Amino acid sequence: MHQFTIQPIFGSQNWELAGYNIAFTNSAMWMLIATVVLWIFVAGGLRRELVPGRWQMAVEYFTGFVDNMLEANIGEAGRKYVPYVFSLFMFILFANILGLLPLGVVGIHPFTFTSHFTVTGILAILSFSIVLVVGFWKHGFHFFSLFVPHGTPLPMIPIIFPIELISFMVRPFSLGLRLFVAMMAGHVLLEVLSSFVIDGTNAGVGYAALVGIPSFILMIGICALEILVAGIQAYVFALLTSLYINDAENLH
Amino acid sequence: MPQIAQLAETYSSQIFWLLVFFGIVFVFVGRGMVPKVMETVARRDQQIASDLAAAGAARDKADEEEAAWRSRENENRAAAQAIVAQAKAKAAADNEKKLAAAQKRLDTKITQAEQDIAEARNAALAEVEGVAVEAAQDIVQRLAGVKVTAAVAKNAVKKAMTHV
């Protein structure tokens, strides 16, 4: 579990802001790296040429992807959320993929900050707050009709309302936990398999053939799977955010 | 699990730096760059749409011009055919007139010739009569020794000639 340990760097463990510790940790370092890489990636697509090059094409693909997702889920009103959902999707995607990079072989140990529920939780609360603000801003107290599905018989409302309310309140938790659990489980799985490979091979030729090599082959497959999961979890986070914003924009 | 074990000591720094860096991403990348990228895409889509529309309009115009050219061409052809037909009719009429004139000329020549022939024949006949009268006078004188006058001989010849 050492890979999930947060350590202050640059001797910043005593930095404070209004009494709270804000040490610049390895987690914050990788947030910075993800921010810089994402900035470079998007800035490279900012050439605004009529006939796009490869890089511009890639950036436009991602903006178009987020734009289409929002338009499909929310409609024309969804376009104003493109900056937020794009930032969310790309930030999580870059964090997930940067955390998977095998930079350990050159002595840099990537830190996947999306495997911490303090981070995913804040992102989930951010999305949930947007849903609440938009919902109450646009619909006022009428927003509570979200908890009474259309066509519910009158006697059922007292039962349905709390159920819908709970399922609504659980959303930020499921949103944040899903990403945190997926990223952490993947990294733990890779760590366990790699310990099989190393320990099995160290234990002798028989163990190496029986445990080490099959684990190594399996690990190659799991690595591909983890890259897939990195993309899918970022997509799921953005997709669910857009679905929740749709509830706030359009009720139902 | 460090996520839980370190929660108390790290949560504030995690939240602070996440908000800082996600805020930077949102403000500068999300709000600053993404709209420009999307504007570029929209401008390109618009350009493509307008180019397609221009191409369509040009094609329609070409079709129109071709149709106009075709009708003009048909008109010209019809006019040319009319001129040819007119010329043909005029030539035919001229021919007929010339033929008629030639026929007339021939007819007069023929009648003239016929008249000449008739005159010549009459003249010849008169000469033959004269010769016959003299011959009759001579023959009568030699055979009968009677001298007949020219008038009597002529009468007799005329009588005989009518029986021929």
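Hydrogens, waters and symmetry mates are skipped; everything else that's a heavy atom, side chains included, is used. This is a predicted model, so every value here is computed, not measured. Below, chains carry the letters A, B, ... as their sequence lines are ordered, and counting in each starts from 1.
- Residue contact with chain B, scored on non-hydrogen atoms closer than 4.5 Å, involves the backbone and the side chain of A:A43 alike.
- The distance between the ring centers of A:F168 and A:F128 falls below 6.0 angstrom.
- With a 4.5 Å cut-off on non-hydrogen atoms, A:Y84 touches chain B through its backbone and its side chain both.
- Between A:F65 and A:F89, the angle of the ring planes lies from 30° to 60°, which puts this pair in the tilted group.
- Counting heavy-atom pairs closer than 4.5 Å to chain A, the top residue among B:L19, B:L18, B:V34 is B:L18.
- Separation of the A:F113 and A:F91 ring centroids falls under the 6.0 Å cut-off.
- Inspection of non-hydrogen atoms places no residue of residues 66-96 of chain B under 4.5 Å from chain A.
- The local environment of CZ in A:F196 is sparse, with at most 12 non-hydrogen atoms from other residues, nucleotides or ligands closer than 6.0 Å.
- Using a 4.5 Å cut-off between heavy atoms, A:P8 does not touch chain B at all.
- Ranked by heavy-atom pairs under 4.5 Å with chain A, the list B:G32, B:S13, B:P35, B:G30 is led by B:S13.
- When heavy atoms are compared at a cutoff of 4.5 Å, A:M90 does not approach chain B at all.
- Side-chain atoms of A:I33 and A:W30, non-hydrogen and from C-beta on, do get closer than 4.5 Å to each other.
- Most heavy-atom pairs under 4.5 Å with chain B: of the set A:T25, A:V59, A:V66, A:L46, this distinction falls to A:L46.
- Side-chain N/O atoms of A:H187 and A:T112 include a donor and acceptor closer than 3.5 Å.
- More than 12 heavy atoms of other residues, nucleotides or ligands sit less than 6.0 Å from atom CZ of A:R171.
- For the pair B:E129 and B:K154, the salt-bridge criterion is not met [side-chain N within less than 4.0 Å of a carboxylate O].
- When the candidates A:F41, A:F62, A:F24, A:Y20 are compared by the number of heavy-atom contacts under 4.5 Å with chain B, A:F24 comes out ahead.
- The number of heavy-atom neighbours closer than 6.0 Å to CZ of A:F173, taken from other residues, nucleotides and ligands shown, is 12 or below.
- When heavy atoms are compared at a cutoff of 4.5 Å, B:I48 does not approach chain A at all.
- At least one donor-acceptor pair closer than 3.5 Å links the side chain of A:N26 to the backbone N or O of A:Q7.
- Proximity to chain A involves both the backbone and the side chain of B:Y11, based on heavy atoms less than 4.5 angstrom apart.
- Ranked by heavy-atom pairs under 4.5 Å with chain B, the first of A:A34, A:G121, A:S115, A:G45 is A:S115.
- Of all the listed residues (A:T63, A:V188, A:V36, A:L38), the one sharing the greatest number of non-hydrogen pairs under 4.5 Å with chain B is A:T63.
- Side-chain N/O atoms of A:E60 and B:T40 include no donor and acceptor closer than 3.5 Å.
- The contact between A:L126 and chain B is made entirely by side chain atoms (from C-beta outward), counting heavy-atom distances below 4.5 Å.
- The closest donor-acceptor contact from the side chain of A:W39 to the backbone of B:V29 lies at 3.5 Å or more, if one exists at all.
- Using the six-membered ring where Trp is involved, A:F117 and A:F180 have ring planes that are perpendicular, over 60° apart on the 30 and 60° scheme.
- Proximity to chain A (any heavy atom under 4.5 Å) is restricted, for B:Q47, to the side chain, taken from C-beta onward.
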